[in-house]
Amino acid sequence: MALRLKLRLIRTFVITTSGLIVYTIADKFYEPVLKPALQLLDPETAHDLAIFAAKHGLVPKDKGKDWSGLSCEVWGRQFQNPIGLAAGFDKHGECVDAMLSTGFGFVEVGSVTPEPQDGNPKPRIFRLEKDRAVINRCGFNSVGSFLVSERLRKRLSDVRKAQPGVVGVNLGKNRDTQDAKLDYEKGVVAFADIADYLVINVSSPNTPNLRNLQQKNQLVDLLEHVIAVRDATLKERSPNGRPPILVKISPDLSDEELKDIVDACMQLSIDGIVISNTTVQRPPDLLEKKVAEEKGGLSGPPLNKISNALIQKVYKMTDGRLVIVGVGGVSSAEDAYDKIRAGASLIELYTALAYEGPGLVRKIKLGLSELLQRDGFQSVQEAVGKDVILSTVPYGMRN
Ligand SMILES: Cc1cc2nc3c(=O)[nH]c(=O)nc-3n(C[C@H](O)[C@H](O)[C@H](O)COP(=O)(O)O)c2cc1C
């Protein structure tokens with residue numbers, strides 16, 4: 001046999017065998033070995049290791065097929081299922097395809113700031129083990145929009161490698177920027193042609209004064225600007241080809257503040273609202289009292305009811321006319337179903353993934369499919385807002 005052919009055969013054998021080994025390790029050893037090991041490390045090191053594992057194909061893939069009723073169309077885009085990865089996990093767009101292959105229907109990259117910045121000093125992520133919750137005060141650590149947009153562009157240039165799924169980008173501002181509008185403008189320009197949707201994040205509790213951008217006048221001014229920038233950046237594209245613009249809000253708003261935000265979104269025909277970011281509240285029934293004293297945003301189960309109440313309110317206020325992405329404390333199929341029935345068309349999660357590992361995504365999808373079919377729904381879309389009684393007076397005609 002010619003030497004060349006022999007070498008080719010050996011190469012093929014090595015690649016196939018190592019591929020199989022990696023695949024088997026990922027599949028068989030994630031639960032008993034990698035997951036407990038990650039829990040022993042400090043939360044940010046564990047997170048960095050999880051990203052490294054994902055980048056190198058060491059997370060188990062979802063080999064099942066989703067029930068067809070889970071697929072849905074939102075903003076004219078097809079979602080294979082409504083369960084997405086929330087912002088904060090893949091801040092730098094390093095492992096989008098790996099996370100889509102674990103079964104997520106969509107991934108929200110970010111938050112990305114225009115210029116690279118370190119964020120707050122470490123430690124800045126804390127586990128509340130007994131509450132299955134997390135407090136973080138990361139403060140937008142970001143490698144900056146140039147690097148992240150290059151990564152996403154590269155991924156799209158190789159369609160054979162890119163997993164099917166929707167990829168949104170969540171935009172933040174640099175800590176020391178005085179002109180917030182300019183920072184969001186830079187983010188929109190950097191990602192308008194590669195993101196399936198854009199999220200204007202005005203609700204992180206860890207960047208000074210960021211949440212002030214939720215005030216009505218400031219918000220209208222900011223959103224008008226980013227819409228104009230998106231449209232100017234993609235002049236030649238049909239409205240359907242432009243990325244929808246969403247706003248991510250805080251769960252710590254008064255009713256009046258919430259009404260102002262919703263009015264702004266409706267007035268400007270914003271495409272959707274992400275409810276919600278982490279909370280600065282500390283519910284009295286938290287078990288880990290000492291860790292709860294850490295400054296930062298709380299996520300996980302203690303946020304679940306707070307975010308659900310907000311989702312219901314917004315669905316009711318808008319007669320279901322504003323697309324809601326429901327996030328906060330989802331760790332089971334029941335939690336996802338509750339948010340859908342409260343008015344969310346799409347669901348996101350992060351904290352539960354850190355505790356449960358990627359197998360959770362499949363579990364939630366299977367459970368959600370069962371719950372929907374048990375209640376006679378043919379599709380997830382049919383269940384959206386089913387727990388909300390809408391007003392008989394339409395939006396815009398109420399006081
Ligand atoms: C460590 C950590 C970092 C986060 N970073 C961001 C971020 O950069 N941008 C953002 O919009 N949300 C961020 N979030 C908030 C999540 O996207 C989500 O809104 C919140 O955690 C509630 O969902 P969960 O209970 O499923 O985690 C972060 C959350 C955690 C735990």
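Order of listing sets the numbers, starting from 1, for every ligand and every atom in it. For the single chain, residues carry numbers from 1 onward in sequence order. These values consider heavy atoms only, across backbone and side chains, with no hydrogens, waters or symmetry-generated copies.
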Could you check whether any side-chain heavy atom of [X] comes within less than 4.5 Å of a side-chain heavy atom of [Y], counting everything from C-beta outward?
X: Pro82; Y: Leu70; value: yes
X: Leu171; Y: Val188; value: yes
X: Val274; Y: Glu348; value: yes
X: Val262; Y: Thr318; value: yes
X: Ile249; Y: Leu258; value: yes
X: Leu322; Y: Val314; value: yes

Region of [X] that comes within reach of ligand 1 [heavy atoms, distance under 4.0 Å]:
X: Ser276; result: backbone
X: Lys91; result: side chain
X: Asn277; result: both
X: His47; result: neither
X: Asn136; result: side chain
X: Leu303; result: side chain

Counting non-hydrogen protein atoms only, what is the nearest one to [atom]? Give residue, atom name and distance.
atom: atom 14 (N) of ligand 1; value: Ala87 O, 3.4 Å
atom: atom 4 (C) of ligand 1; value: Gly88 CA, 3.5 Å
atom: atom 21 (O) of ligand 1; value: Ser299 CB, 3.2 Å
atom: atom 27 (O) of ligand 1; value: Thr351 OG1, 2.6 Å
atom: atom 26 (O) of ligand 1; value: Tyr350 N, 3.0 Å

Following the transitive rule for hydrophobic clusters with a side-chain heavy-atom cut-off under 4.5 Å over Ile, Leu, Val, Met, Phe, Trp and Tyr, establish whether [X] and [Y] coincide in one cluster.
X: Val134; Y: Leu286; value: no
X: Ile261; Y: Ile275; value: yes
X: Phe104; Y: Leu366; value: no

What atoms of ligand 1 come within less than 4.0 Å of a heavy atom belonging to [X]?
X: Gly329; answer: 24 (P), 25 (O), 26 (O)
X: Asn170; answer: 10 (C), 11 (O)
X: Leu349; answer: 26 (O)
X: Val327; answer: 18 (C), 19 (O), 22 (C), 23 (O)
X: Asn201; answer: 9 (N), 10 (C), 11 (O)
X: Gly300; answer: 25 (O)
X: Ser111; answer: 7 (C), 8 (O), 9 (N), 10 (C), 11 (O)

Proximity flag Ser204 to ligand 1, non-hydrogen atoms under 4.0 Å: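 Checking ligand 1 against Ser204, which is what was asked, there is no heavy-atom contact under 4.0 Å.
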Considering distance alone, does some N or O of [X] sit under 3.5 Å from an N or O of ligand 1?
X: Lys248; result: yes
X: Ala86; result: no
X: Thr278; result: no

Derivation and outcome, salt bridge (charged side-chain N to carboxylate O under 4.0 Å, His left out), residues Arg341 and Asp387: CA-CA 5 Å; Arg341 293 188 62 116; Asp387 282 346; 2.9 Å; yes
salt_bridge(Asp158, Lys154) N-O dist < 4.0 Å: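 So Asp158 does not pair with Lys154 through a salt bridge.
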For Arg230 against Pro243, the heavy-atom pair lying closest together: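 Minimum heavy-atom separation between Arg230 and Pro243: NH1-O, 2.9 Å.
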Among Ser307, Ser203, Ser111, side-chain hydrogen bond (donor to acceptor under 3.5 Å, both in side chains) partner for Asn277: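 Answer after filtering Ser307, Ser203, Ser111: Ser203.
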